[in-house]
Amino acid sequence: MKDSNDIQLHNVFKFFNGEPAVHGIDLVIRSGEFFSILGPSGCGKTTTLRLIAGFERADAGKVLIQGKLMNHVPPYRRPVNTVFQSYALFNHLNVWDNIGFGLRLKRLSLEEIHSRVEAALKLVKMEGLRSRFPAQLSGGQQQRVALARALVNRPAVVLLDEPLGALDLKLRKEMQVELSNLHKQLGLTFVLVTHDQEEALSLSDRIAVMHQGKIEQVGSPKQIYEQPQTAFVADFIGDTNLFLGQIAACDGLTLQVVTATGLKIMVKRECNPFSRSSEPVMVSVRPEKIQLSLDAPSIQVNCFEGRLQHLMYLGTHVHYFVELLSGDRLTVLQPNTGSILSDSNTTLYVYWAATDCLALPV
């Protein structure tokens, strides 16, 4: 019976010069899902991918692929193929021969090689460029060839190491759509390493956020964005406003958090594990959850006076930068409805519901 999980990491460590690059991570990636490992540079995400691929060997813990222990299995014997940011194409081979290179190493019949390469070319829409060499291709075309070369071997898992990082923004967006379509069409397990939050949110079934060699949180894009479990995840995924404070009061429904600057913020208690007063917490409020008003609203909870300091016009949205009377600075993201506040130093009020903010452990 086939294991329903294609990849499992159990308490995996990897050290470089005595320092842990990967620090005791546990991870399960299900068969057929598009899974992203997301985090800033140096967080251990590429090392984790290399441990799965076999280019690095775990110093402790277990790496399993389709239920089989892989710790001492070399890369070429693992049922995975990797697509690198640099593409790693052979410059002296044309498109057709680049894609078929791995099949020739496996000593497949010429008929089988021809059939598979032609199918891979069609899959990535490169049929008309089969005779070109890498130097004659654009970045996006080279990326398609690298994908086809990985897919032609029919791996159980496709590993993607920042595969779109070298592309310009427009082409990157187009290739994101192509990747998503390929994943749905093939039903293979895709594991993407990226530092691009938007890319991970738009492509993934689930995301693991890494920080300093550890996994901070695993969840769906919506869970990661709407219900971050740590201040790092809240701050790294998208934009947020963070307020450091202490619990002043709590009941069955809400927490009252008082910041060092004197702000009193009410947070809905649901999903907040805090139970005692004076416990330090970080309150996170997304910019799009905050409302603006030129007049003092009737709302009493989480309503603060401030002044407009600056704004950025983004076309569909406007980013406002506000300084509260307390000295706290926050950002507010509003849809562009045509009535844009434009005068700096304008007195205004910001407010949000207790359900629109989270209290996170410090």
Side-chain angles (χ1 to χ4, degrees), residues 6 32 34-36 46 49-50 52-55 65 74-196 199 202-204:
D6 268 344
F34 199 125
F35 191 95
S36 289
T46 294
L49 197 78
R50 290 176 64 83
I52 297 169
F55 301 131
I65 301 178
Y76 61 89
R77 292 198 179 278
R78 299 189 184 197
V80 304
N81 270 100
T82 306
V83 180
F84 300 97
Q85 182 176 348
S86 62
Y87 315 136
L89 301 178
F90 298 111
N91 291 323
H92 66 289
L93 299 180
N94 64 20
V95 167
W96 205 98
D97 289 330
N98 258 289
I99 295 172
F101 183 81
L103 300 180
R104 289 197 299 275
L105 287 181
K106 291 182 177 180
R107 300 183 183 276
L108 298 183
S109 69
L110 291 177
E111 183 180 0
E112 177 74 4
I113 291 173
H114 184 271
S115 173
R116 286 208 202 180
V117 172
E118 288 297 321
L121 281 167
K122 185 176 181 181
L123 194 65
V124 297
K125 303 179 179 66
M126 291 288 288
E127 303 101 307
L129 302 176
R130 70 186 68 222
S131 298
R132 289 196 185 181
F133 289 85
Q136 299 171 312
L137 301 175
S138 68
Q141 290 167 341
Q142 290 184 50
Q143 185 57 267
R144 290 172 190 270
V145 176
L147 273 168
R149 188 177 59 183
L151 296 170
V152 78
N153 289 303
R154 298 178 180 171
V157 179
V158 179
L159 304 176
L160 304 157
D161 186 8
E162 303 264 11
L164 310 182
L167 305 180
D168 62 57
L169 182 61
K170 186 173 186 297
L171 188 54
R172 189 181 182 110
K173 298 291 187 188
E174 291 174 2
M175 285 303 297
Q176 286 174 8
V177 175
E178 293 292 337
L179 266 182
S180 181
N181 289 339
L182 273 174
H183 175 255
K184 291 172 184 174
Q185 186 176 345
L186 296 169
L188 298 175
T189 302
F190 278 27
V191 183
L192 171 71
V193 158
T194 182
H195 64 272
D196 187 315
E199 187 168 277
S202 62
L203 289 174
S204 310

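Just so we're clear, the structure is a prediction, and the values are computed from it rather than from any experiment.
- Taking the side-chain contact (heavy atoms from CB on, under 4.5 Å) definition, one finds that A119 meets it with nothing, sequence neighbours left out.
- Residue K125 holds its NZ atom at 6.5 Å from CZ of R144, rounded to the nearest 0.5 Å.
- Without hydrogens or angle criteria, H183 side chain to T189 main chain gives no donor-acceptor distance under 3.5 Å.
- The shortest side-chain heavy-atom distance between L151 and N81 does not fall under the 4.5 Å cut-off.
- R78 pairs by the salt bridge (charged side-chain N to carboxylate O under 4.0 Å, His left out) definition with nothing, not counting sequence neighbours.
- For the atom pair E178 CD and K173 NZ, the distance stands at 15.0 Å (nearest 0.5 Å).
- Atom CG of D196 is separated from atom OG of S202 by 7.5 Å, given to the nearest 0.5 angstrom.
- Note that CD of E112 and OG of S109 are 5.5 Å apart. Values are rounded to the nearest 0.5 Å.
- Residues L123 and Q185 are in side-chain contact: their nearest non-hydrogen atoms beyond the backbone lie under 4.5 Å apart.
- Minimum heavy-atom separation, Q142 to L137: NE2-O, 3.3 Å.
- Note: L103 CG to R149 CZ = 11.5 Å, rounded to the nearest 0.5 Å.
- At least one donor-acceptor pair closer than 3.5 Å links the side chain of Q136 to the backbone N or O of F133.
- When L188, V158, L160, V191 are each tested for a side-chain contact (heavy atoms from CB on, under 4.5 Å) with F34, only one passes: L160.
- Shortest non-hydrogen contact noted between A53 and L159 is CB-CD1, 3.5 Å.
- Listed for the R130 side chain is no donor-acceptor partner under 3.5 Å among the backbone atoms of W96.
- With rounding to the nearest 0.5 angstrom, the CG atom of L179 is 5.5 Å from the CG atom of L147.
- Ion pairing of K170 with E174 is present here, as a side-chain N (NZ or NE/NH1/NH2) and a carboxylate O approach within less than 4.0 Å.
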Q.
I'd like to know whether L203 forms a side chain to side chain contact (heavy atoms under 4.5 Å, CB included) with T194, so could you lay out the CA-CA distance, the side-chain angles of the two residues, the decisive distance to 0.1 Å, and finally the verdict.
A. CA-CA 11 Å; L203 289 174; T194 182; over 6 Å; no
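- The number of heavy atoms from other shown groups lying within 6.0 Å of CG (L110) does not exceed 12.
- In this structure, V145 and P134 have side chains that are not in contact, with every pair of non-hydrogen atoms separated by 4.5 Å or more.
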Q: Assess whether salt bridge (charged side-chain N to carboxylate O under 4.0 Å, His left out) is satisfied between D97 and R104, documenting all intermediate values.
A: CA-CA 9 Å; D97 289 330; R104 289 197 299 275; 3.8 Å; yes
